2 protein chains.
Amino acid sequence: MTSSGGPPTVETIAEAAGVSIASVSRVLNGHGGRPDTVRRVERAAAELGYVPNRVARSLKGGRTRQLTFAMPDIGNPAYVSMVRQIQTVTKPLGYRLLLHSTDAVAEDELDVVRSLADRTSDGLIICPIRVTDAHLAALATASGPVVVIGSLPEGAGVDSVRADSVSGAMLAVRHLVALGRRRIGFVNGPADTVPGSHRATGYRSALAEAGLAPEPELTVATDFSVEAGAAAAGRLLDAGLGIDSVFCANDQLALGAAHAAHDRGLRIPEDLAVVGMDDSELARASHPALTSVDLGSGERGRLAAEMLVARLEPAAPAPGGPASGGSASGGSVGRVTVAPRLVVRASTAGPGAATVRQEAARHAPPPERVAPPGVDTSAVCAGSAT
Amino acid sequence: MTSSGGPPTVETIAEAAGVSIASVSRVLNGHGGRPDTVRRVERAAAELGYVPNRVARSLKGGRTRQLTFAMPDIGNPAYVSMVRQIQTVTKPLGYRLLLHSTDAVAEDELDVVRSLADRTSDGLIICPIRVTDAHLAALATASGPVVVIGSLPEGAGVDSVRADSVSGAMLAVRHLVALGRRRIGFVNGPADTVPGSHRATGYRSALAEAGLAPEPELTVATDFSVEAGAAAAGRLLDAGLGIDSVFCANDQLALGAAHAAHDRGLRIPEDLAVVGMDDSELARASHPALTSVDLGSGERGRLAAEMLVARLEPAAPAPGGPASGGSASGGSVGRVTVAPRLVVRASTAGPGAATVRQEAARHAPPPERVAPPGVDTSAVCAGSAT
DNA sequence: CTGAAAGCGCTAACAT
DNA sequence: ATGTTAGCGCTTTCAG
């Protein structure tokens, strides 16, 4: 017997339809054929429940039509919105998306980059939490197109999309200062990560700008999680530093901080104003709703995906030449920065604004971006990308 | 030239090392060889940065060592914890996990099951939100092992792990009744989904058990999201039904409900007790912390993964025979139910308990499962699996 | 329009 | 221990 057991293959179909495997392939790929042949092949395929073996197809074609997205933490809503936006651009193009949670382990990140070489996916979007020399080396020699979501040194030779979290942090702190807060705590994630160090820089710059002396004990660095936020804010509050507000490096930390404040009987924002970052769904879900700096997670995901597919499909090639292909080998390296926006909500708005919010909220949808009275009329403030 | 351009292949290495491709393959797979040969091959491979083409390897071996997990919503923390637990069992075995968010679209779920036939992954864990005849048909003819996380009719012929959400819902409602609440609202997800209908059943049973008449207007069905929860709870509260508590079909809904209550100036739990479901991190992050029914998401993920790998690797085959392989063709069909547990927190505990909690929370880690005074001393109540 | 045949990169007989 | 070869399932020349 020629084709037995196992799932049907082109050969099985060919036999059933009485044609050659070449005809089967052609028909199944819509490459024409005599009406009669087409009909017979399609019938046989349908009857036998034929599904092309994608692995074989990939081996032959050299492409898998699969893309990989590697993020530090699948539980972080900011990455979830990146995933959603990436999907919206890749799915219509017929790509499958492989999701990889690296848990912020550098070695795991490197593995992901290297695994591009195993031809399992055609391209990669990665959010490295740290960028070491090893990362740069791996990225430089990556065997397929890569787009980094994060800050890379100039001339890294890889497409990237970054948030301007330095400006974003400044937006947050300036907002607190404008509200009259002077003892501004900072709950950061790990300080040795790119986001962590940038946010710390922005925090310090904004303080300096406001003529406030930096006090190291006002900063607590931990981990990007709700639990860490609660613990860190707790320490800050219990230390008797007279904190009147706290800027948190992401919404999870801010949620934890709000929790710690509540546990201590503090009112938000009266006793403690809280600002988060990422403007994830957590910010809206929290009570009071969190003022947060939108770093454009979804937007960054979308842009990264667009840059990646541009490398993959030289759809509308520039009239200049046939440049395309692997990471930065063809075409010039892209480097986009997404500007941050401050979204003001009840966690920093005064009691007056809080009342307004509450009133309006009786009628869905609840209002967003309510400006605190007499402070800032445009609640959404774009930061300058530096 | 024999091997040029492109990435190095076994042939490239063979030439560089001066051996045959078979030797390259053997050495690289640790199948022995003369020390000298091994050294030369390894050196050549390292120098050329050789990475085996996994697609070719899969085509040859018939397995990809990739597994797929399909869930309705990647933004739901309950699924995130499933992902984490699945990883803990599959990763050590060398499997890669492909994550797929179906957005609760039935057609997408069917596609995922069918796509098992394209040989892209060796097995599938799926959480269908609805189980139609089409689902059962697709599952029955799946061309690889599948484990369903969810309730399947008896004799479905597929391994499954289910939560007992009927009992879980009863646990929640009984708890509210024990607390003296009588006007218990119910914020459900879509009623035509399996989780939705089961939770509704549990809600009604527990009411009946307590001698409370069912009032259809106390139930609002929407969508499993924070926004939907806020909107639904808002309608419930604005309808003047005298609601004193609300049971929500998941934590996202509960968070939304809590938000709606706050917006209306209601205190939790004094004016409105709130119970969620899934005991996700949202329950802890919320303020006040949410009482929630733990449906064992992580546990279900772990069990499903274990059942799946058991099909994949007949590691320790039962002495009976060599039964194994595809979904339920070999070996008997597994069907496990995970018992629910009620986790009591401040959103239902009386003011007294809330104080206790608040006190204790000053010293990390914050206490969990605080029993409301005089109601239930064992805060964690296992439900009977029916 | 159709069929025969090559070959994607790899592994595993099989032969030496 | 090593080399030769077949073949996984598919697409795509190349003849006819």
Side-chain angles (χ1 to χ4, degrees), chain A residues 1-42 44-45 48-65 116-120 122 143-144, chain B residues 1-42 44-45 48-65 116-120 122 143-144:
Chain A
M1 63 199 78
T2 36
S3 70
S4 60
T9 70
V10 273
E11 190 175 353
T12 323
I13 308 304
E15 283 169 10
V19 298
S20 73
I21 63 170
S23 289
V24 173
S25 176
R26 274 189 291 258
V27 169
L28 263 24
N29 290 295
H31 291 199
R34 203 187 327 174
D36 176 55
T37 312
V38 172
R39 210 167 21 73
R40 286 162 62 192
V41 169
E42 283 176 344
L48 296 171
Y50 173 75
V51 177
N53 182 323
R54 243 175 116 129
V55 174
R57 195 176 262 184
S58 295
L59 179 59
K60 182 76 187 123
R63 296 175 323 148
T64 56
R65 300 212 66 93
L116 249 185
D118 73 15
R119 305 280 131 190
T120 274
D122 299 342
S143 55
Chain B
M1 63 199 77
T2 36
S3 69
S4 60
T9 70
V10 274
E11 189 175 355
T12 323
I13 308 303
E15 283 169 10
V19 297
S20 74
I21 61 169
S23 289
V24 174
S25 176
R26 273 189 292 259
V27 169
L28 264 22
N29 289 294
H31 291 197
R34 204 188 326 178
D36 177 54
T37 313
V38 173
R39 210 167 22 71
R40 287 162 62 192
V41 169
E42 284 176 344
L48 296 172
Y50 172 75
V51 176
N53 183 324
R54 244 174 115 129
V55 174
R57 197 176 261 182
S58 295
L59 179 58
K60 182 80 190 108
R63 296 176 323 147
T64 55
R65 299 213 66 94
L116 250 186
D118 73 15
R119 306 280 131 189
T120 274
D122 299 343
S143 58

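Chain identifiers are assigned alphabetically (A, B, ...) following the order of the sequence lines, protein sequences preceding nucleic acid strands; residue numbering begins at 1 within each chain. Predicted, not measured: the structure shown is a model, and the values here were computed from it.
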Closest approach of [X] and [Y], non-hydrogen atoms and distance?
X: B:I13; Y: B:A45; value: CD1-CA, 3.8 Å
X: A:P8; Y: A:L48; value: CG-O, 3.5 Å
X: B:A117; Y: B:S143; value: CA-OG, 3.0 Å

Quiz prompt | Interatomic distance, B:I13 CD1 vs C:dT11 P [rounded to whole Å] | solution =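 Rounded to whole Å, this separation is 12 Å.
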Quiz item: C:dC14 P sits how many Å from B:R26 CZ, rounded?
Solution: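 That distance rounds to 14 Å.
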Quiz item: Should A:S23 be listed as having a side-chain N or O under 4.0 Å from OP1 or OP2 of C:dG3?
Solution: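 So the side chain of A:S23 is within the cut-off, an N or O lying under 4.0 Å from OP1 or OP2 of C:dG3.
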Self-check item: Gap separating the CG atom of A:L59 from the CZ atom of B:R54, nearest 0.5 angstrom
Solution: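 It comes to 14.5 Å.
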Quiz item: For residues 30-37 of chain B, which residues have at least one heavy atom under 4.0 Å from DNA chain D?
Solution: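 Result for residues 30-37 of chain B: B:G33, B:R34, B:T37, sorted by number.
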N/O-N/O pairs, protein side and nucleotides 5-9 of chain C side, under 3.5 Å:
from, atom 1, to, atom 2, distance (Å)
C:dG7, N2, A:K60, NZ, 3.4
C:dC8, O2, A:K60, N, 3.4
C:dG9, N2, B:A56, O, 3.3

Exercise. Give the angle between the helix axes at the two ends of the helix from C:dC1-D:dG16 to C:dT16-D:dA1, taking five base pairs at each end and rounding to 10°.
Key: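 Inter-axis angle at the ends, rounded: 50°.
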Quiz item: Can you check whether A:T9 reaches A:N53 side chain to side chain, under 4.5 Å on heavy atoms?
Solution: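 Not in contact.
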Tell me, please, which residues at least two apart from [X] pass side-chain contact (heavy atoms from CB on, under 4.5 Å).
X: A:N29; value: A:S25, A:H31, A:R57
X: B:V10; value: B:I21, B:V24, B:Y50
X: A:S58; value: A:T64, B:V55

Exercise. Anything under 4.0 Å to a heavy atom of chain B counts; send over the first and last such nucleotide of DNA chain D, read 5' to 3'.
Key: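 Span of nucleotides near chain B: D:dA1 to D:dG9.
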Self-check item: For A:R63, salt bridge (charged side-chain N to carboxylate O under 4.0 Å, His left out) partners two or more places apart
Solution: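 For A:R63 there are no salt bridge (charged side-chain N to carboxylate O under 4.0 Å, His left out) partners, ignoring immediate neighbours.
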Quiz prompt | Residue list, salt bridge (charged side-chain N to carboxylate O under 4.0 Å, His left out) with B:R40, at least two apart or on another chain | solution =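 B:R40: salt bridge (charged side-chain N to carboxylate O under 4.0 Å, His left out) contacts with B:D36.
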Quiz prompt | Counterpart residues, side chain to side chain donor-acceptor pair (under 3.5 Å), relative to A:T120 (two or more places apart) | solution =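 Scan of A:T120 (side chain to side chain donor-acceptor pair (under 3.5 Å), adjacent residues dropped) gives A:D118.
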